Amino acid sequence: MAVLDVQNLSLSFGENTIFDKVSFDIKDREKVGLIGVNGAGKTSLFKIITGEYEPDSGACFISKNASLGYMQQHTCSQNRTVWNELVSVFDELIAVERELEEVNLRLREGMGSQSENIEKQDYLTEKFNRDGGLTYKSRTRSALLGLGFEEKDFDMPTSKLSGGQRSKLILAKLLLSKADFLLLDEPTNHLDIKAVEWLEEFLKDFSGAALIISHDRYFLDKITNKTVEIENGKCRCYIGNYSEFLKKKEAEQKAIEEKYENDLKEIERIEGIIAQQRQWNREKNIKTAESKEKMVERIKAQLVIPDSKVDKIRFDFTPKAISGEDVLSVKDLEKSFSDKPVFKNVSFKVKRGEKLFLLGDNGCGKTTLLKILMKDYVADGGTYKFGANVFCGYFDQVQAKLDLTKTVLEEVWSNFPAMSETSVRSALAAFLFKGEEVYKNLSDCSGGERARVALLKLMLGKFNFLLLDEPTNHLDAFSREELEDTLLNYSGTMLIVSHDRYFINKLATRIIELTPDGVNEYIGDYDRFIEKKADRNSVQDVRKAPKEAKQNDYKLKKERLSQIRKAKTRLKRCEEEIETLENDISVIEEKLTDSDYEELIRLTAELEEKTKARDSLYEEWEELSLLLTQEEL
């Protein structure tokens with residue numbers, strides 16, 4: 001069953017057509033990726049679905065049985081804690097829980113009609129359990145921890161949250177809401193790799209449908225089973241995730257282009273025949289010419305013209321010189337801020353031609369390390385040394401070194417004054433700044449536009465060692481593909497900080513994991529890193545176990561045997577107590593059928609007490625049985 005049916009949607013702003021005749025549907029439980037270059041109309045499509053925009057023509061229909069959820073409908077109160085703000089998603093459940101507590105109190109105190117109280121208790125208990133009452137607190141905690149909050153943040157007032165934290169909290173509210181059809185616009189923004197992985201697992205288990213705008217291609221590959229692309233104002237649907245979409249689109253475009261070329265050749269051939277037949281100008285030749293003209297008309301009618309190529313950034317990082325074999329040597333580097341250690345014992349070497357990625361948890365000091373290498377920060381200890389003939393270029397993820405008082409043209413030209421204005425404008429055009437856009441003030445530019453200016457300056461520098469801090473941020477998926485393809489063929493050396501796992505997989509020759517106590521090194525891409533990291537952790541666990549066992553082997557064995565004896569004794573006692581309580585419960589249930597009002601109240605309270613005690617004993621019995629079974633194995 002379709003939860004969303006989009007039929008022939010068209011949208012324009014003035015004379016600018018955003019998209020035309022967009023049609024697709026999303027079925028129950030489908031996870032669909034919505035992709036396209038920046039400005040293709042993805043967010044505008046979301047706003048039509050939510051009712052914020054009216055299309056010029058066409059319509060979209062949401063199933064009456066679907067509950068739509070999107071981030072803009074969720075806000076953050078200013079006078080709550082982080083925990084209270086998120087758990088407010090379950091206000092209806094909390095109200096049921098309070099009502100259930102009141103009913104239980106009336107039963108204990110003998111207030112009101114006890115038969116009505118018992119009936120209401122059964123109804124509320126069933127509703128509470130059915131709607132997730134037993135798990136809502138654990139789900140709230142899991143969402144907060146999964147998205148990067150710490151236990152100490154739970155009591156923080158929402159008014160003190162940063163913009164990124166606020167976005168995470170709003171995302172958590174959306175995920176825990178009752179919505180079974182989610183609209184997610186760049187949900188991985190502000191999330192580190194661990195949080196993104198948690199989100200991936202959440203969405204995999206999510207029983208509803210989702211339409212997802214994201215430039216995170218690894219994330220799309222993990223989650224989506226259908227891809228909708230908006231390009232040149234048109235919409236195409238492909239079954240499969242992002243990587244499958246790329247393969248299918250390439251094959252489709254190749255077939256369209258080949259057929260188009262063949263059709264043009266056929267039209268040219270037939271038109272030559274027509275010209276020849278008319279030149280002979282006999283009745284038979286004229287009829288042949290007219291027949292051939294109809295053939296040409298039929299071919300032209302079904303002629304599919306290939307889409308014009310979407311404007312993409314054209315990168316070229318060819319270095320001006322070749323560096324020595326040894327590009328960088330880092331030894332025992334350490335850094336603290338206000339007596340708070342960031343990292344220490346950082347040592348590694350970089351060889352010419354390596355594509356080295358620096359990974360680690362948020363706050364571990366990856367950007368700090370790059371800034372030390374660029375002399376923006378001073379290390380507290382240790383040394384680093386660049387090799388012979390190394391020319392180093394740095395991409396700052398926040399573009400702090402851009403002069404926001406300048407225009408786009410002035411910023412680039414002032415850094416490369418030997419270039420002519422024509423050359424600078426040609427370079428800017430390759431980075432999608434055309435016409436009057438080159439006179440736009442940097443202060444008025446978006447994050448993506450500033451990133452493009454910073455990347456252009458880096459490219460024009462022709463450096464042979466690139467330090468890149470989150471270079472794919474603000475770039476759409478197609479620009480990321482162009483950047484990757486260029487860097488794959490780059491003859492220089494790279495040290496890159498990135499959360500983009502698709503980007504890492506495509507480029508990495510080696511990965512350095514930065515930890516508070518030093519670094520761990522891994523050969524290969526991101527998938528290999530995850531695999532080897534798991535292996536390393538397993539080996540460390542195995543190595544620790546024998547050492548700990550040898551230290552107190554006799555004592556530990558003695559304590560374990562004592563615990564087993566106690567468990568066996570307690571298991572037997574549990575069985576005896578359960579049997580006694582089962583008998584007592586049976587007796588009480590028999591008496592309930594033939595008791596007066598006061599006796600009924602007393603027996604009901606006694607039944608509840610003994611039932612809780614029995615259930616608790618069953619839980620204990622199961623835990624003890626499992627423990628003893630594992631010991632036997």
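Computed from a predicted structure; not experimentally measured. Side chains are part of it too, since the values below use all heavy atoms of this structure and drop only hydrogens, waters and symmetry mates.
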**Asked** Stepwise, does the side-chain hydrogen bond (donor to acceptor under 3.5 Å, both in side chains) test hold for His215 with Asn38?
**Response** CA-CA 10 Å; His215 295 322; Asn38 289 340; 3.2 Å; yes
query = Heavy-atom distance under 4.5 Å between the side chains of Asp527 and Glu531, does that happen here?
reply =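 No. Closest side-chain heavy atoms not under 4.5 Å.
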Check the surroundings of atom CZ in Arg98: do more than 12 heavy atoms from other residues, nucleotides or ligands lie under 6.0 Å from it?
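Atom CZ in Arg98 is not crowded, with 12 or fewer foreign heavy atoms closer than 6.0 Å.
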*Ser23 side chain to Asn8 backbone, donor-acceptor under 3.5 Å*: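 At least one qualifying donor-acceptor pair exists.
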Exercise. Just by distance, do the side chain of Asp153 and the backbone of Val82 share a donor-acceptor pair under 3.5 Å?
Worked result: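 No, the answer is negative, given that no donor and acceptor are paired below the 3.5 Å cut-off.
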**Asked** Does NZ or CZ of Lys335 lie under 6.0 Å from the centre of the six-membered ring of Phe337, at an angle within 45° of the ring axis?
**Response**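 Yes - Lys335 lies over the ring of Phe337, closer than 6.0 Å to its centre and within 45° of its axis.
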Name the residue from Glu575, Lys568, Arg573 that meets the side chain to side chain contact (heavy atoms under 4.5 Å, CB included) definition with Leu571.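 Exactly one candidate clears the test, Glu575.
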* Under the 3.5 angstrom rule, does the side chain of Arg166 hit a backbone N or O of Thr158 as a donor-acceptor pair? ->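 Answer holds: yes.
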Exercise. Shortest non-hydrogen contact from Leu169 to Leu86?
Worked result: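 In terms of heavy atoms, the two residues are closest at CD1-CB, 4.0 Å.
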Taking the side chain as every heavy atom from C-beta outward, state whether Val6 and Ile48 have any pair of such atoms under 4.5 Å apart.
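Counting from C-beta outward, Val6 and Ile48 never come under 4.5 Å.
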**Asked** Does any non-hydrogen side-chain atom of Asn65 lie less than 4.5 Å from one of Phe181?
**Response**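 They are not in contact (no side-chain heavy atoms under 4.5 Å apart), so the answer is no.
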Answer yes or no: is there an ion pair linking Arg501 with Glu200, defined by an N-O contact shorter than 4.0 Å?
->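 The answer is yes: the pair qualifies as a salt bridge.
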For this session: May I ask you to say whether Arg570 pairs ionically with Glu577, meaning some side-chain N is under 4.0 Å from a carboxylate O?
Result: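 Yes, this pair counts.
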Note to self: Tell me whether Thr81 contacts the main-chain N or O of Asn84 through its side chain, where contact means a donor paired with an acceptor under 3.5 Å.
What the structure shows: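 Looks like yes, one N/O pair under 3.5 Å.
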For Asn520 and Thr515, does a side-chain donor sit closer than 3.5 Å to a side-chain acceptor?
->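 Result is no, nothing qualifies.
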Self-check item: Side chain to side chain, Thr224 and Tyr242, heavy atoms closer than 4.5 Å
Solution: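 They are not in side-chain contact.
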Requested in this report: Locate the shortest heavy-atom distance separating Leu475 from Arg480; write the atom from each residue and the value.
Outcome: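 Leu475 and Arg480 have their closest heavy atoms at O-NE, 2.9 Å.
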**Message:** Under a plain distance cut-off of 3.5 Å, with no hydrogens placed, do His499 and Asp216 share a side-chain donor-acceptor pair?
**Reply:**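 Looking only at side-chain atoms, His499 and Asp216 do not form any donor-acceptor pair under 3.5 Å.
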Original post:
Has the side chain of Asp180 got a donor or acceptor atom that lies under 3.5 Å from a matching backbone atom of Ser67?
Top reply: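 Between the backbone of Ser67 and the side chain of Asp180 there is a qualifying donor-acceptor contact (under 3.5 Å).
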>> Does Glu119 have more than 12 heavy atoms from other residues, nucleotides or ligands lying within 6.0 Å of its CD?
In response: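 Incorrect, the count does not exceed 12.
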inquiry  = Let me confirm one number: the CG-CG distance from Asp469 to Leu358, rounded to the nearest 0.5 Å.
reply    =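 Interatomic distance, Asp469 CG to Leu358 CG, rounded to 0.5 Å: 9.0 Å.
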Any idea which heavy atoms bring Ile239 and Glu244 closest together, and the distance?
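Smallest interatomic distance, heavy atoms only, reads O-OE1, 4.4 Å.
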### Message
Using the rule given for salt bridge (charged side-chain N to carboxylate O under 4.0 Å, His left out), can you reason through Glu197 versus Lys222, listing the C-alpha separation, both sets of side-chain angles and the distance that settles it, and then say yes or no?
### Response
CA-CA 10 Å; Glu197 288 173 345; Lys222 287 275 190 179; over 6 Å; no
- Item | Heavy-atom side-chain contact between Pro187 and Phe219 under 4.5 Å |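 Yes - at least one pair of side-chain heavy atoms lies under 4.5 Å apart.
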* For Asn225 and Glu30, does a side-chain donor sit closer than 3.5 Å to a side-chain acceptor? ->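 There is no such pair (donor and acceptor under 3.5 Å, judged by atom type) between the side chains of Asn225 and Glu30.
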| What's the spacing between Asp221 CG and Asn505 CG if we round to 0.5 Å? |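 Here the interatomic distance stands at 10.0 Å.
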Closer than 3.5 angstrom, by distance alone: can the side chain of Lys31 be matched with the main-chain N or O of Arg29 as a donor-acceptor pair?
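Side chain of Lys31 to backbone of Arg29, a donor-acceptor pair under 3.5 Å: yes, one is there.
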Next on the checklist: Under a 3.5 Å distance rule, please check whether Asn583 uses its side chain to pair with a backbone N or O of Thr580 as donor and acceptor.
Outcome noted: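 Pair absent, no side-chain N/O of Asn583 close to backbone of Thr580.
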Flag if over 12 foreign heavy atoms under 6.0 Å of CD, Gln7:
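Count over threshold, so yes.
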(request) First locate atom CG of Leu144, then atom OG of Ser142, and finally report the distance between them rounded to the nearest 0.5 Å. (result)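 Nearest 0.5 Å value for the CG-OG distance: 9.0 Å.
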Test log, rule side-chain contact (heavy atoms from CB on, under 4.5 Å), inputs Thr472 and Tyr502: CA-CA 11 Å; Thr472 61; Tyr502 197 99; over 6 Å; no
| Heavy atoms, side chains only, cut-off 4.5 Å: are Val32 and Leu4 in contact? |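 Val32 vs Leu4: side chains apart.
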Just wondering, more than 12 heavy atoms not from Glu54 lying within 6.0 Å of its CD?
->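 For Glu54, atom CD is not crowded (no more than 12 foreign heavy atoms under 6.0 Å).
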Heavy-atom pair of closest approach, residues Leu199 and Leu175
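What the structure gives for the nearest pair is CD1-CD1, 3.6 Å.
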- Do other residues, nucleotides or ligands put more than 12 heavy atoms under 6.0 Å from the CD atom of Glu579?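 Counting other residues, nucleotides and ligands, CD of Glu579 stays at 12 neighbours or fewer.
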> How far does CZ of Arg528 sit from CD1 of Ile530, to the nearest 0.5 angstrom?
Replying inline: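 Between atom CZ of Arg528 and atom CD1 of Ile530 there are 12.5 Å.
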query = Has Lys160 got more than 12 heavy atoms of other residues, nucleotides or ligands less than 6.0 Å from its NZ?
reply =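 No, because the 6.0 Å sphere around NZ of Lys160 holds 12 heavy atoms or fewer from other groups.
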### Task
Evaluate side-chain contact (heavy atoms from CB on, under 4.5 Å) for Trp198 paired with Lys194, printing each intermediate quantity in order.
CA-CA 6 Å; Trp198 177 88; Lys194 284 185 179 178; over 6 Å; no
_Give me the atom names and distance for the closest heavy-atom approach of Ala172 to Ala143._
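Here Ala172 and Ala143 meet closest at CB-CB, 4.4 Å.
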| Run the salt bridge (charged side-chain N to carboxylate O under 4.0 Å, His left out) check on Lys226 and Asp25 step by step: do they pass? | CA-CA 10 Å; Lys226 181 192 282 188; Asp25 63 26; 3.3 Å; yes
* **Backbone N/O of Leu514 and side chain of Lys366: donor-acceptor pair under 3.5 Å** =>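 Side chain of Lys366 to backbone of Leu514: no pair is present.
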Among all residues two or more places apart in sequence or in another chain, which pass the ring-ring contact (aromatic ring centres under 6.0 Å, His included) test with Tyr53?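 Partners of Tyr53 by the ring-ring contact (aromatic ring centres under 6.0 Å, His included) criterion, ordered by chain and then number, come out as Phe13.
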message = Whether the side chain of Thr50 engages the backbone of Lys47 through a donor-acceptor N/O pair (distance < 3.5 Å, no angle test) should be reported.
response =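 Yes.
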- Query: Does the ring centre of Tyr526 sit less than 6.0 Å away from the ring centre of Phe357?
  - Reply: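 No, they do not, as the ring centres are separated by 6.0 Å or more.
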Original post:
What's the verdict on side-chain contact (heavy atoms from CB on, under 4.5 Å) for Leu183 and Leu211, showing C-alpha distance, side-chain angles and the deciding distance?
Top reply: CA-CA 5 Å; Leu183 297 182; Leu211 180 59; 3.8 Å; yes
Should Leu45 and Ile230 count as side-chain neighbours, where that means a heavy-atom distance under 4.5 Å?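 Yes. Closest side-chain heavy atoms under 4.5 Å.
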* Applying side-chain contact (heavy atoms from CB on, under 4.5 Å), run through Asp525 and Ile504 and close with a yes or a no. => CA-CA 6 Å; Asp525 60 17; Ile504 301 169; 5.6 Å; no
Practice item. Look up atom CZ in Phe245 and atom OG1 in Thr227, then write down how far apart they are to the nearest 0.5 Å. Key: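 Reported value, rounded in 0.5 Å steps: 7.0 Å.
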- Please round to the nearest 0.5 Å and tell me the distance separating atom NZ of Lys204 and atom CD of Glu201.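 Going from NZ on Lys204 over to CD on Glu201, the span is 4.5 Å.
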Return the minimal non-hydrogen interatomic distance between Lys27 and Ala209, and the atom names on each side.
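So the two residues come closest at O-CB, 3.7 Å.
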Query - Side chains of Ile193 and Tyr218 in contact at under 4.5 Å (non-hydrogen atoms) - result: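 No, every pair of side-chain atoms sits at 4.5 Å or beyond.
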inquiry  = Classify the ring geometry of Phe202 against Phe206: parallel below 30°, tilted from 30° to 60°, perpendicular beyond 60°.
reply    =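 Correct class here is parallel.
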